[in-house]
Amino acid sequence: MSTNDRLDFCRRLAADAGRLAHSTFGRAAVLPAKGRHDEVTAMDREVERVVRERIARAFPQDAVLGEEDGASADVGSAEFVWIIDPIDGTANYARGIAHYCVSIGVLHRGTPFVGALHDPSHERLYWAARGAGAWLDENGATRRLAVSPIATLDGATVECGWSLRVPQADYLALFARMLSAGCAVRRAGSGALGLADVAAGRTEGYAELHINSWDCAAGLLLVAEAGGRINDFFAGDGLLAGNPILATNATLADSLATLAGIPFR
Ligand code: LIP
């Protein structure tokens with residue numbers, strides 16, 4: 001199988017999964033939360049079920065890791081691992097806020113290989129392959145993505161992801177450091193779309209003190225292939241346990257790494 005086979009399949013799968021997710025947007029069947037501010041809907045589970053089924057048929061030799069149903073037994077040994085967030089931004093989805101996406105990334109021997117991210121609310125399909133650039137299909141056209149050229153912190157916008165997975169004091173300190181340096185700071189509730197914004201040059205950075213691999217596997221590749229700099233998220237047990245994440249444009253990379261306290265490789 002070539003890169004193109006998995007890339008083409010990943011793009012089609014993310015497109016189909018996003019359309020499925022959007023079919024109940026605004027009337028989501030919200031299930032008992034996994035934790036405070038950690039929602040899940042029936043559609044999260046349905047999208048992941050469908051995505052897993054299609055991957056198993058097309059690439060039975062590949063491993064899978066998904067937010068809702070966990071890791072297949074061969075996730076530590078398989079050459080290729082598919083990483084699925086069926087709905088990233090579930091809290092937004094559950095509330096009818098049109099800021100969510102389906103994110104599907106593929107690792108080859110532990111590093112991002114191809115990925116696709118579908119934002120059905122805006123009919124945007126982001127995709128990338130290692131060494132082949134990052135791209136956006138929108139309004140019937142495909143354009144290459146490039147990170148922002150902004151070179152000053154007081155001109156930068158940075159998204160700082162939040163969850164109860166880290167102490168609130170640490171998050172507030174991160175937020176305060178960014179603000180004190182002159183950055184505009186946002187938190188929109190989807191790490192994957194936050195990474196897509198960096199890749200598309202809409203923001204200059206995305207930082208989060210802990211994020212899971214299913215939130216970011218596709219988005220990290222988008223940023224790297226759009227000319228940005230990313231930290232070594234998959235170091236250690238990043239795949240199964242998550243890690244801090246920093247994804248930036250090239251120009252402000254070192255400054256944002258210092259402010260975030262998240263070093264690059
Ligand atoms: C979301 C992440 C985001 C985080 C949110 C939430 P989910 O993922 O993408 O980085 O800040 O709290 O965890 O749970 O919507 O798939």
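Count residues from 1 along the sequence. Just so it is clear, the structure is predicted and the values come from calculations on it, not from any experiment. In listed order, ligands and their atoms are each counted from 1.
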With atoms numbered from 1 as shown, which atoms in ligand 1 lie under 4.0 angstrom from a non-hydrogen atom of [X]?
X	result
D85	16 (O)
I211	10 (O)
I87	16 (O)
D88	1 (C), 2 (C), 7 (P), 8 (O), 9 (O), 15 (O), 16 (O)
Y206	10 (O)
G191	2 (C), 3 (C), 9 (O), 10 (O)
E67	14 (O), 16 (O)
G89	7 (P), 15 (O), 16 (O)

Which segment of W162 sits under 4.0 Å of ligand 1 when only heavy atoms are counted: backbone
What is the nearest protein non-hydrogen atom to [atom], stated with its residue, atom name and distance?
atom	result
atom 13 (O) of ligand 1	R165 NH1, 3.3 Å
atom 10 (O) of ligand 1	E208 OE1, 2.7 Å
atom 5 (C) of ligand 1	R187 NH2, 3.2 Å

field: R109/E79 salt bridge by N-O under 4.0 Å criterion
entry: yes
message: Exactly one of I245, L117, L222 should register a side chain to side chain contact (heavy atoms under 4.5 Å, CB included) with L195. Which one does?
response: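 Only one of I245, L117, L222 forms a side chain to side chain contact (heavy atoms under 4.5 Å, CB included) with L195, namely I245.
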query: Taking the inter-plane angle between the rings of F25 and Y93 on a 0 to 90° scale, is it parallel (under 30°), tilted (30 to 60°) or perpendicular (over 60°)?
result: tilted
- request: Could you check whether the rings of H108 and F113 sit parallel, tilted or perpendicular, using 30° and 60° as the cut-offs?
  value: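 Correct class here is tilted.
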task: For salt bridge (Lys or Arg N to Asp or Glu O under 4.0 Å), just list the numbers for K34 and E67, CA-CA rounded to whole Å, side-chain angles, deciding distance to a tenth of an Å, and then say yes or no.
output: CA-CA 11 Å; K34 296 183 280 189; E67 177 172 10; 3.2 Å; yes
F175-W162 aromatic ring centre distance below 6.0 Å: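 Not under 6.0 Å, so no.
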task: Please determine if R6 forms a cation-pi arrangement with F80, meaning its NZ or CZ atom is less than 6.0 Å from the six-membered ring centre and no more than 45° off the ring axis.
output: yes
query: Polar-atom distance check: S163 versus ligand 1, any N or O pair below 3.5 Å?
result: no
query: Looking at residues at least two apart in the chain, or sitting in another chain, which of them share a side chain to side chain contact (heavy atoms under 4.5 Å, CB included) with E123?
result: none
- prompt: At the 4.0 Å heavy-atom cut-off, does N92 count as touching ligand 1?
  reply: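 Flag not set, N92 not near ligand 1.
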task: Would you indicate whether the side-chain heavy atoms of W214 and E48 approach each other to under 4.5 Å?
output: no
